[in-house]
Amino acid sequence: SGGIVATLFIPMAREGLGLGQQAYVLLLIYFFAGVALIPLAVWISYRLGKHLTMALSCLINVCLIPCIYFVPTGDFWTAAALWTLFGMNATTVPFLFRAIMADVA
């Protein structure tokens, strides 16, 4: 599913959200928010545990995805705020999944 989302992001943001060229900036916001918040995700995983942090991240993602439908067409700032949250949440699962695999190995 991650590959489908990544492949369709630009057409969805350009046409579906009506952002045009701002879709590329939205993608940068997503990645920069993700990279910037890795230390916070690691800190939370120390406090709550890796498994619980990963489960909470998945629940947050489930709550965020339907919010895309509420972004007004052409409203870059609302989309940027939502994709900042997506980016903050997106780094948690890949890092913690690998950390859990390392623990098991």
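For the numbers below, each heavy atom of this structure counts, side chains included, while hydrogens, waters and symmetry mates do not. If you're wondering where the values come from, they're calculated on a predicted model, not measured in any experiment.
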Nearest-0.5 Å distance that lies between atom CG in Leu19 and atom CD in Gln21 = 11.0 Å
query = Met12, Ile65: one ILVMFWY side-chain cluster at the under-4.5 Å cut-off?
reply = yes
query = Once the angle between the rings of Tyr30 and Phe9 is folded into 0 to 90°, is it parallel (under 30°), tilted (30 to 60°) or perpendicular (over 60°)?
reply = parallel
ask   = Looking only at heavy atoms, which two atoms of Ala90 and Pro94 are closest? And how far apart?
value = O-CD, 3.0 Å
message = To the closest 0.5 Å, what do you measure between CE (Met88) and CG (Leu40)?
response = 7.0 Å
key: Heavy-atom side-chain contact between Lys50 and Phe97 under 4.5 Å   = no
key: Close side-chain approach of Phe31 and Val35, heavy atoms under 4.5 Å   = no
key: Path from Leu28 to Val71 over hydrophobic side-chain contacts below 4.5 Å   = no
task = Output the distance between atom CD (Gln22) and atom CG (Leu27), rounded to the nearest 0.5 Å.
result = 13.5 Å
inquiry  = I'd like to know if Leu52 and Tyr46 are part of one continuous hydrophobic network [Ile/Leu/Val/Met/Phe/Trp/Tyr, side-chain heavy atoms within less than 4.5 Å].
reply    = no
remark   = Interatomic distance, CG@Leu82 vs CD1@Ile29, rounded to 0.5 Å, equals 11.0 Å
message = Main chain of Ala80, side chain of Thr84: is a donor-acceptor contact present, judged purely on distance under 3.5 Å?
response = yes
ask   = Would you say the side-chain atoms of Arg47 pair up with the backbone N or O of Trp43, donor to acceptor, closer than 3.5 Å?
value = no
inquiry  = Is the shortest side-chain heavy-atom distance between Trp83 and Thr78 below 4.5 Å?
reply    = no
query = Taking the side chain as C-beta and beyond, is there a heavy-atom pair between Leu85 and Asn89 under 4.5 Å?
reply = no
key: Phe95, CZ: over 12 other non-hydrogen atoms inside 6.0 angstrom   = no
request  = Look at the side-chain heavy atoms of Ile, Leu, Val, Met, Phe, Trp and Tyr, link any pair under 4.5 Å apart, and say whether Phe32 and Trp77 land in one connected group.
outcome  = no
message = Quick check: closest heavy atoms across Val93 and Ser57, and the distance to 0.1 Å?
response = CG2-OG, 3.7 Å
request  = Any chance you could measure Met54, atom CE, to Thr92, atom OG1, to the nearest 0.5 Å?
outcome  = 10.0 Å
key: Sub-4.5 Å side-chain heavy-atom contact between Thr53 and Leu56   = no
ask   = What is the distance from atom OH of Tyr69 to atom CG of Leu17, rounded to the nearest 0.5 Å?
value = 11.0 Å
ask   = Side chains of Ile10 and Tyr24: does their closest heavy-atom pair fall under 4.5 Å?
value = yes
